[in-house]
Amino acid sequence: MLLIECPWCGERAETEFSYGGEAGIARPADPDALGDAEWADYLFNRSNPRGAHRELWNHAQGCRRWFGVERDTVTYRISGSFRLSGGVGKRED
Amino acid sequence: MQPQRLPAGGRIDRSKPISFRFDGRKLEGYAGDTLASALLANGVSIVGRSFKLRRPRGIVGSGAEEPNAIMQIGKGAHAQPNLRATQVELYNGLVARTTKGWPGARFDIGAINDLFGKVFSAGFYYKTFMRPKSWWRLYERIIRASAGFGRAPTEKDPDRYEHRNAHCDVLVAGGGPAGLAAALVAGQAGARVILADAQNEFGGSLLGTKHSIGDARADEWIARTVEQLAALDNVTLLPRSTVFGYYDHNFLAIAERCTDHLPEEERTGVRQRLWRVRAKQVVLAQGAFERPLAFCNNDRPGVMLASAVSRYIRRYAVRPGKRAVVFTNNDSAYETAIDLAEAGAAVVIVDSRMGGAGSVAERAANAGISMLTGHIVTDVVGRRRVRGVRVAGWSGNPSYLVESSIRIECDLLAMSGGWSPAVHLHSQAGGSNEWDTDRLCFVPGAATQANVSAGACNGMWSLRDCLREGMESGRAAASRCGFDAADVDLPTTRQGHDNPPQPLWRVPADAEPERCPKQFLDFQNDTSVADIRLAVREGYRNVEHVKRYTALGFGTDQGKLGNIIGMAVLAECLGKSIPEVGTTTFRPAFTPVSFGVGAGENVGDLYDPVRKTAIHEWHVAAGAPMENVGQWHRPWYFPRDGEDLHAAVARECLAARQSLGIMDASTLGKIDARGRDVVEFLERVYTHNVGKMKVGRCAYGIMLGEDGMVLDDGVMARLGEEHFYLTTTTGGAANVLAWLESWLQTEWPELEVFLTSLTDHFSTIAVVGPNSRKVLEKVGCSIDLGKDGFPFMTVKEAELGGYPVQLFRVSFSGELAFEINIDSGYALAMWETVMAAGEEYGITPYGTESMHVLRAEKGFVIVGQDTDGSVTPVDLGMNWLLSKDKDYLGKRSLARPDCVRSDRKQLVGLLSSDNSTVLPEGTQLVEVPDAPVPVPMCGHVTSSYMSACLGHPIALALVAGGRVRKGETVYAAMPGREPLPVTIAAPVFYDPKGERQHV
Ligand SMILES: [Zn+2]
C-alpha cells in the first residue's frame, strides 16, 4: 500500500486517496476544431511509461483536493507530490 | 506414556501434562510442546498421506517449512484447517485431525495410487482429465474430494478478529539471535521498534541450544535480552506474530495469534490480530531453512531434517529415534549427530564429502560417532517407518548411477542438504536474490525498499556473524531514523572452522530416476526428480512453466523445503547453472493466514457502513422491507395486511395516481454550487443552457463523460444569480461531486466556484398525486401553491406547517407533485405532519419499487439501470437537452462516427404480446426466434414492471435502431420457455403529453 503525501495534509495511506490517471492531459481549447483522430487521442491515448509517471490523485477521504504525484511505474517509488495551479500537471513554483 | 520423551532437559514443563486428541486417539504431552513435538514424543510416525500418491508421511521439519503435518485443529466453528503441527502450540483439549487421507492417515484407501506411481507422473492431471472437456466438472469433483486439504468450518465464525494500524521506526521480523540483537540496539538508541516473531517465545534457533554468548548460556542471554527489550517503552514485542507480507512503501502485515494457544474455554477477547505496520526501516531476520536431499524414498516417515531432529531433542526433550543415520553434505548436521549421541542414540554420519567436516568432526568423534565420509545414502528401507538405509561410496561423480554396498539398520534418518536463507520477505519487497557459489544458496541482493537482511536470512551461519549483523543492522536502521546507537561490544561466541558444503542435490541411485524408487523434491505435491526430467523431456524450459507442470512449490508450504533442490535438478537437466535457471517469485503470505484475520472487524454489520435517512425508523415501524441502494437502506414497499410486493406496489401506484402518495427521497444527492463563475462552470458540465435559467427555475439536467456517455442526471435549480442547487442520482452523489471538483481543481482553477455536499443535511419528502396541493395547503404553507403562483419546475422558500422549507414543484411520477426539502432534524416531524393531514385523502407511503413503476410509466430513465457506460443522450432520445450554442463536456464525442451510427441501441418501450408477461430485466431480444445458435441479439430489457394503472406490463429496452421501429415485433428470449413476441413502442406509456403534472 502506497504512502502518498498530500500537499495539504501530509503523508497518508493510499486508501485515503483515489486515482485520477495521467497528469498533463489538458482539455483542448476548441474541441469542435479537432478531427476525430485528434479528439480520440485526447480522449483515449495515454503515455503509459515504464518509469517516471506524473499522475493525478485526489485526497478523497481527507481534504478532497486534487494534486499531482510523480511515481515510478516499475518500483512504485514516489519522488514527490505537487500542487496544481493554472491547469493540469503544471508544477507550482 | 511418551516413549520418545527424554527424562530431562528441554523447554517443556513436565509438571504441566496436557492431554489432546489426534485422529481420535487420546494422547498426552507437556506445556511448551508443539503438536508436532508431542506427536513425536508419543511415537506417532505417520501424520498424513501425500497429495497425489497417498504415501504415508511423517513429520519432516520443526517450523514453517513443514510439508506433511498439515492438520485440522479445533472443533466446530472454531476449527482451523491447514495448520502446520510444527507451529501449533499444545493446549489442553486440543483436537487435531489429519487432513490428507481418507478414512485416516494410517489406513488410506487412496494409497493404491502409490502402486500406480508411474501413471501419476508430472502433468498427469492435465493429460488425463482434459478430454472430454464436458467431463471436467466430474473429474474436478472427484479430484477435490480425494485431495482433501482440510475443510473450512460451515458454521459462522464466532471468534473476534481485529485489525490494528501501527507506525514504527524499525520493524524487526524474526526474534532469533540476529533479530533480538537488532531490536535491542535500535531500541536502546531510542527508536520506536516492533519485534515480531512467529513462535511463542523469542530466541529462534538459539532456544534449547548449548551455545554460550559472552558469559551467559544461550537461554540466559535470551531471557536477559527480552527483559531489556520489555523494559523499553519504545519497543513493542509481538510473540506468536508472523510477518507474512511485505508490501509497497515499507508497509508490512503481521498476523498475531492471540488466543489460539489457549484451551478453547479459556479464550477471551480477540483471537487473531492483523497488524498493518508502516515502518521507516525494516530489519529482516527470519533465519534460514534447511534443505532436504533427493534420494530414493526420502519421504518415508522417520526421514527428517537434521535441524529439526536437533530442535526436538534440545528444545522439546524428544528423541525422534534410537538408531540414527545422519546424511549430510555440510558441517551443520554434525551438531545433530552430537545431539543424538548425547541423547543416547546410536549414530552414524554419512557425509558425501570426501574430506568430511571441519573442527566439528573432532567433537563428533569424541562423542563416539562413527563417520562415513565420501558416502551417500541412496535409498531408504521400510514403508511405514524407516528401518534402514542403503549407502554407497561416492567420489563426487555427477552420474545418476552408483552401487549401494552397505546397509545400515536405523529408525531415524536425519538429512541436511545445506541451508537456504529465508529471502521471502526481501523478495516480496521487490529485492533480487543472488546465487552464492560458496555457500550454495540464494542470498538477498540489493534491497529496493528501506530494509536490510541480517543473520541467517542473509546467509550468515555462525552465531557470531548473526549477532554481529543483527547489531550492525539495528544500529544502521536506528541511525537512518535519526537515533544514534551507542557502541556495543560483540560478545564472544564459539567460532568453529567449517568445511564448505558440497553441491549435492539429487543423490545418485542404483538405477536411473525413472527406474528407481521416487526421489522426492516437493513432499507436499509429490514432485520427484523423475517428474522434473519428464517435464524437460517434454519441452519445458522455463522454471515457471516447469513449476506449474510438475506442481513443484505449489503446496501450502510454497516450496519452502523443495524449491531450491527442485531448481537445482532442473538446472542440471537443462545443462545450466542454478542462477541461470533463475529464482521464482515469492508472494504473500509467507505462511497461510486465516480468513478471519483478513476480514478483521469488517464482518456482519461492520462489513460496510449503512446510511439511513432521518425518516428511517418510521419506515421500519411501518413494516417496510428495505432495499440496499449503495450504502443506503431505503424502504422498498409498505405492505399492508400480508400483501406481497406486487399487491403492495399496485396499491401504492394507484394511490399516487388517483389521490395522494408520499415518498422519502432523502437519498438524492444534493450539491450546493455557488460563486462568481458558477454559471460558466455549470454551462461546461451540463448539456442544457444553464445561463438562460431564471432565478427560481428548475431544470432537468444531464452530465456526460468526455466520451459522450451519460454520467448522471437530476433536477437542478437556480436559487440566485450565482447560486445553484444540483441533485444527483442516489448512487452517483459522491462520484459526481469528485468529478466536478476534478474539473474545477485541475482544469479550470481560474473559475471561482464552491461546491458543498448537502445530501445528509437536507431530507427530501416527495408529496405526489392529484391531492398533493390540497394536503400542503391543509398543513399550512406561507406561499401560494396555485398553478400560476407556483408553476411546474419552479422552487421557492416557504414555511410549511411552521417549518422552514425549500419547496420544489418537480415530479418524478408525472403527477402533480411537490418535493419538500427540509433540514434533516425536522424531516421526521414534517413527514408525520403530512401523513396526518393526508389521512382524509388516503395518503399512501410508497417505496423504491413504486417509484420505479411510476417513473417507468412515464419513460423516465434511471441512470445506471436504463443506461450503462455506453449510452449517449441521443440514444435516450434526449436531443432536446443538448445545447447547440456552447461547448460542454462530452459534446465533441457525440459527433464521433461511432456515436452517430443509426443502428446504435436506442431507448424504446416494449409491450408483451400476451399482455401478461412481465419480462425479466436483462432479457435479451432477438429478431428471429428460431435462428440457429449463436442467435444474434438486437437489444435487451432494462426496466420492466406490471403497471397497475395501465393494467398491463410495461418495459423499457435498448434496441438497435429502435426509435424508428415502433410497432415492429421482436422476440424476448427467456430460459425455459418459447421466445415471446414483444412490440416496440414509444417509451412513454402514460400521459404522453405530460398534462397531469402541469395542473
Ligand atoms: Zn489532503
Side-chain angles (χ1 to χ4, degrees), chain A residues 1-5 7-8 11-15 17-40 42-44 55-61 63-68 71-78 82-90 92, chain B residues 163 165-167 245-253 276-280 429-431 446-450 588 684-685 705-709 734-735 737-750 754-757 884 886-900:
Chain A
M1 184 166 61
L2 305 182
L3 185 65
I4 298 170
E5 186 184 354
W8 287 270
E11 289 187 330
R12 296 287 191 277
E14 184 184 343
T15 47
F17 299 87
S18 63
Y19 184 61
E22 183 173 358
I25 310 290
R27 187 169 198 267
D30 185 3
D32 285 335
L34 300 184
D36 287 330
E38 290 167 294
W39 178 252
Y42 155 71
L43 202 54
F44 301 121
E55 57 199 24
L56 296 173
W57 287 84
N58 180 19
H59 195 187
Q61 306 291 320
C63 65
R64 280 174 43 203
R65 299 290 295 181
W66 284 88
F67 60 96
R71 183 178 62 96
D72 189 299
T73 58
V74 179
T75 64
Y76 289 11
R77 221 173 273 144
I78 290 176
F82 52 95
R83 298 184 188 202
L84 307 168
S85 67
V88 175
K90 302 252 167 58
E92 187 174 80
Chain B
H163 288 182
N165 294 321
H167 295 259
Y246 196 140
Y247 305 90
D248 293 312
H249 295 191
N250 262 25
F251 183 76
L252 294 97
R276 299 149 45 94
V277 182
R278 186 78 70 172
K280 289 201 181 101
T448 55
Q449 298 200 37
R684 296 181 190 182
V685 297
E706 274 285 61
D707 57 2
M709 305 303 155
N735 292 341
L737 184 62
W739 162 255
L740 296 178
E741 280 286 356
S742 76
W743 288 99
L744 274 179
Q745 292 181 29
T746 70
E747 193 74 33
W748 307 317
E750 72 280 5
F754 302 96
L755 302 175
T756 310
S757 169
K884 293 194 167 52
K886 61 164 187 175
D887 185 31
Y888 50 83
L889 295 180
K891 184 185 186 190
R892 175 64 184 82
S893 286
L894 296 178
R896 291 176 58 232
D898 191 61
C899 289
V900 297

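Residue numbering restarts at 1 for every chain, and letters A, B, ... go by the order of the sequence lines.
Figure legend: cation-pi geometry between A/Arg64 and A/Trp8 absent, as NZ or CZ is not positioned both under 6.0 Å from the six-membered ring centre and within 45° of its axis. A cation-pi arrangement is present between B/Arg684 and B/Trp748 under the rule of less than 6.0 angstrom and at most 45 degrees off the ring axis.
The pair B/Asp248-A/Arg71 does not count as a salt bridge, with every side-chain nitrogen at least 4.0 angstrom from each carboxylate oxygen. Note on B/Arg278 versus A/Glu11: no salt bridge recorded, every NZ/NE/NH1/NH2 to OD/OE distance being 4.0 Å or above.
Both the backbone and the side chain of A/Trp66 come within less than 4.5 Å of a heavy atom in chain B. Only the side chain of A/Phe44 comes within contact range of chain B, with heavy atoms under 4.5 Å apart. Only the backbone of B/Ala895 comes within less than 4.5 Å of a heavy atom of chain A; no side-chain atom from C-beta onward does. Contacts between A/Asn58 and chain B at a heavy-atom distance below 4.5 Å involve the side chain alone, from C-beta outward. In this structure, the portions of A/Leu2 lying under 4.5 Å from any heavy atom of chain B include both its backbone and its side chain. Contacts of B/Leu737 with chain A are made by side-chain atoms alone, with heavy-atom separations under 4.5 Å and no backbone atom involved. Using a 4.5 Å cut-off between heavy atoms, B/Tyr246 does not touch chain A at all. In this structure, chain A has no heavy atom under 4.5 Å from any part of B/Glu750.
Using bins of under 30°, 30° to 60° and over 60° for the plane-to-plane angle, the ring pair B/Trp739/B/Trp743 lands in the perpendicular bin.
Between chain A and the residues B/Ala738, B/Pro897, B/Ser742, the largest count of heavy-atom pairs under 4.5 Å involves B/Ser742.
With ring centers used as reference points, B/Tyr247 lies 6.0 Å or more from A/Tyr76.
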